[in-house]
Amino acid sequence: MKHYEVRNEVEILDAKTREKLCFLDKVEPHATIAEIKNLFTKSHPQWYPARQSLRLDPKGKSLKDEDVLQKLPVGTTATLYFRDLGAQISWVTVFLTEYAGPLFIYLLFYFRVPFIYGHKYDFTSSRHTVVHLACICHSFHYVKRLLETLFVHRFSHGTMPLRNIFKNCTYYWGFAAWMAYYINHPLYTPPTYGAQQVKLALAIFVICQLGNFSIHMALRDLRPAGSKTRKIPYPTKNPFTWLFLLVSCPNYTYEMGSWIGFAIMTQCLPVALFSLAGFIQMTIWAKGKHRSYLKEFRDYPPLRMPIIPFLL
């Protein structure tokens with residue numbers, strides 16, 4: 001006697017209009033959402049898988065690509081609701097674009113290319129050591145970010161909405177130009193407490209850059225290549241990772257420390273405002289990640305705070 005495997009039917013409706021967009025029959029019960037997206041694309045090529053958000057409820061959360069049809073709360077005929085996420089772009093492309101911009105823009109001001117400060121200052125050099133040091137630090141930071149994007153970071157999501165690149169680039173590129181204009185200005189004055197202030201700030205910057213890189217490497221080693229496995233991050237033998245004992249997102253803590261060091265070094269208001277804006281945004285991200293850790297892992301260390309030990 002032959003046993004026939006029951007196959008599912010999947011209808012996909014527009015989440016806004018409830019219009020039927022696609023009907024898939026003979027779908028394997030163990031099919032993933034990613035496979036259903038690929039089937040949907042065959043009838044609607046304009047909506048490639050990265051643009052698709054499929055959900056069980058029109059206003060519900062998007063299903064994950066790895067979700068399996070037979071494990072979802074649906075019958076043999078499943079109804080999924082589709083939303084178009086818009087044109088997508090890879091995270092790598094976004095990061096490379098938003099980080100390469102500040103690196104290039106800052107150097108334009110540092111070398112005082114024509115039409116920035118006036119003809120007599122074209123391609124002149126500042127007489128202040130701190131200005132050259134600031135350029136080295138700023139350039140190092142963004143070269144580090146570019147290299148980490150290419151060789152260190154592993155992204156759980158391959159793409160993001162194309163519109164985000166314009167918002168992100170406006171933020172990074174705009175602040176880079178604003179900071180560079182004042183730091184490299186011919187009338188720039190060095191910090192109030194001179195070399196001592198600069199040395200202290202440089203030490204903070206370097207330590208935090210090393211710490212940030214160490215955390216990124218620890219997070220990379222936590223997730224095998226090609227995997228979306230999530231684990232609780234713990235300190236390693238590297239002392240810079242010991243901050244994991246106190247905060248969930250020490251990479252943001254170190255990032256914040258780097259910009260505080262840069263602000264002290266240059267004693268420049270636009271840098272301070274950039275640091276403040278970055279701190280607000282990173283705090284939002286850190287709180288979100290902290291909440292997801294608490295929700296996902298019952299044994300998550302209770303002493304940890306999102307970004308600032310014992311406070312926030």
Taking everything shown except F213 itself, do over 12 heavy atoms lie less than 6.0 Å from its CZ? no
Taking the side chain as every heavy atom from C-beta outward, state whether F123 and R112 have any pair of such atoms under 4.5 Å apart. no
Using every non-hydrogen atom in the two residues, find where A87 and Y48 come nearest and quote the distance to one decimal. CA-OH, 3.6 Å
Side-chain donor-acceptor pairs under 3.5 Å in residues 269-288, sequence neighbours left out?
unit_1, atom_1, unit_2, atom_2, d
S275, OG, W259, O, 3.3
S275, OG, V271, O, 2.8
T283, OG1, F279, O, 2.6

Looking at Y300, I'd like to know if the NZ or CZ of R304 sits under 6.0 Å from its six-membered ring centre while staying within 45 degrees of the ring's axis. yes
Is there a side chain to side chain contact (heavy atoms under 4.5 Å, CB included) between V74 and L56? Walk through the geometry before answering. CA-CA 9 Å; V74 296; L56 295 172; 3.7 Å; yes
A side-chain contact here means heavy atoms from C-beta on lying under 4.5 Å apart; do I204 and F262 qualify? no
Using the rule that two of Ile, Leu, Val, Met, Phe, Trp, Tyr join whenever any of their side-chain heavy atoms come within less than 4.5 Å, decide whether Y117 and F104 are in one cluster. yes
Decide whether Q52 and T41 meet the rule of one side-chain donor and one side-chain acceptor closer than 3.5 Å. yes
ILVMFWY cluster, Y193 and L200 together (side-chain gap under 4.5 Å): no
Work out which heavy atom in F151 is nearest to a heavy atom in R220; give both atom names and the distance. O-NE, 3.5 Å
Can you see which heavy atom on R55 is nearest to which on G60, and at what distance? NH1-O, 3.1 Å
If you count every heavy atom of other residues, nucleotides or ligands that lies below 6.0 Å from F23 atom CZ, does the total exceed 12? yes
Are any non-hydrogen side-chain atoms of E296 and R230 less than 4.5 angstrom apart? yes
Got a second to check how far L24's CG is from S43's OG, nearest 0.5 Å? 6.5 Å
For T241 and S214, test the side chains for any donor-to-acceptor distance below 3.5 angstrom and give the result as yes or no. no
Inter-residue atom distance L108.CG - N184.CG, 0.5 Å rounding: 10.5 Å
Indicate the atoms forming the closest heavy-atom contact of T149 with V92, along with that distance. CG2-O, 4.0 Å
Among the clusters formed by ILVMFWY side chains lying less than 4.5 Å apart, do I207 and I215 turn up in the same one? yes
Mutual orientation of the aromatic rings belonging to F95 and Y99 [parallel < 30°, tilted 30-60°, perpendicular > 60°]: parallel
If you measure from the Lys or Arg side-chain nitrogens to the Asp or Glu carboxylate oxygens, is any gap between D65 and K37 under 4.0 Å? yes
Backbone of P114 reached by a side-chain donor or acceptor of Y121 within 3.5 Å: no
Side-chain donor-acceptor contact under 3.5 Å, Q197 with T192: no
Y182 ring center within less than 6.0 Å of Y188 ring center: no
Flag side-chain contact, heavy atom, 4.5 Å: I36 against I12: yes
Quick check: does any side chain N or O of E35 sit under 3.5 Å from a backbone N or O of T32, one acting as donor and the other as acceptor? yes
Minimal non-hydrogen separation, I307 against Y252, with atom names: CD1-CB, 3.7 Å
Of all the heavy-atom pairs spanning A100 and L146, show the shortest one and how long it is. N-CD2, 3.8 Å
Test item: I89 and T159 side chains (from C-beta on) under 4.5 Å apart, heavy atoms: no
Co-membership, hydrophobic cluster, residues I260 and F310, 4.5 Å side-chain: no
Looking only at the aromatic ring of each residue, does the gap between the centers of F82 and H44 stay below 6.0 angstrom? no
So do the side chains of C137 and L202 get within less than 4.5 Å of each other, counting heavy atoms only? yes
I'd like to check N38 versus P49 (side-chain heavy atoms, cut-off strictly below 4.5 Å). Are they in contact? yes
CD1-CG distance between I33 and L80, expressed to the nearest 0.5 angstrom: 5.5 Å
To the closest 0.5 Å, what do you measure between OG (S126) and CG (L187)? 10.5 Å
Under a plain distance cut-off of 3.5 Å, with no hydrogens placed, do Q209 and H141 share a side-chain donor-acceptor pair? yes
Treating Q88 as the side-chain partner and G86 as the backbone partner, does any N or O pair qualify as donor plus acceptor under 3.5 Å? yes
Just verifying a value: how many Å separate L311 CG and M305 CE, rounded to the nearest 0.5 Å? 7.0 Å
Looking at Y171, I'd like to know if its OH atom is crowded, meaning that more than 12 non-hydrogen atoms belonging to other residues, nucleotides or ligands lie closer than 6.0 Å. yes
Check against side chain to side chain contact (heavy atoms under 4.5 Å, CB included), I232 and D299: CA-CA 9 Å; I232 299 175; D299 57 341; 3.5 Å; yes
Polar contact flag, side-chain donor to acceptor under 3.5 angstrom, S125-R127: no
Quick one about N212 and K144 (side-chain donor to acceptor, distance below 3.5 Å, no hydrogens or angles considered), yes or no? yes
Taking atom CG of L85 and atom CZ of R51, what is their separation to the nearest 0.5 Å? 8.5 Å
Taking the side chain as every heavy atom from C-beta outward, state whether C208 and F205 have any pair of such atoms under 4.5 Å apart. no
State whether the side chain of R83 and the backbone N or O of A15 hold a donor-acceptor pair below 3.5 Å, judged by distance alone. no
Should we say atom OH of Y234 is surrounded by more than 12 heavy atoms from elsewhere, each under 6.0 Å from it? yes
Counting distance only, does the side-chain N/O of D67 pair as donor-acceptor with the main-chain N or O of K64 below 3.5 Å? yes
Has Y181 got more than 12 heavy atoms of other residues, nucleotides or ligands less than 6.0 Å from its OH? no
Can you check side chain to side chain contact (heavy atoms under 4.5 Å, CB included) on N8 and T77, steps first, answer last? CA-CA 6 Å; N8 293 60; T77 300; over 6 Å; no
Tell me, with the steps shown, if V152 and L147 meet side chain to side chain contact (heavy atoms under 4.5 Å, CB included). CA-CA 7 Å; V152 177; L147 293 175; over 6 Å; no
For H138 and Y142, take the angle between the two ring planes, folded into 0 to 90°, and tell me which bin it lands in: parallel under 30, tilted 30 to 60, perpendicular over 60. tilted
Please tell me whether L63 and L69 are part of a single hydrophobic cluster in this structure, the criterion being side-chain heavy atoms less than 4.5 Å apart. yes
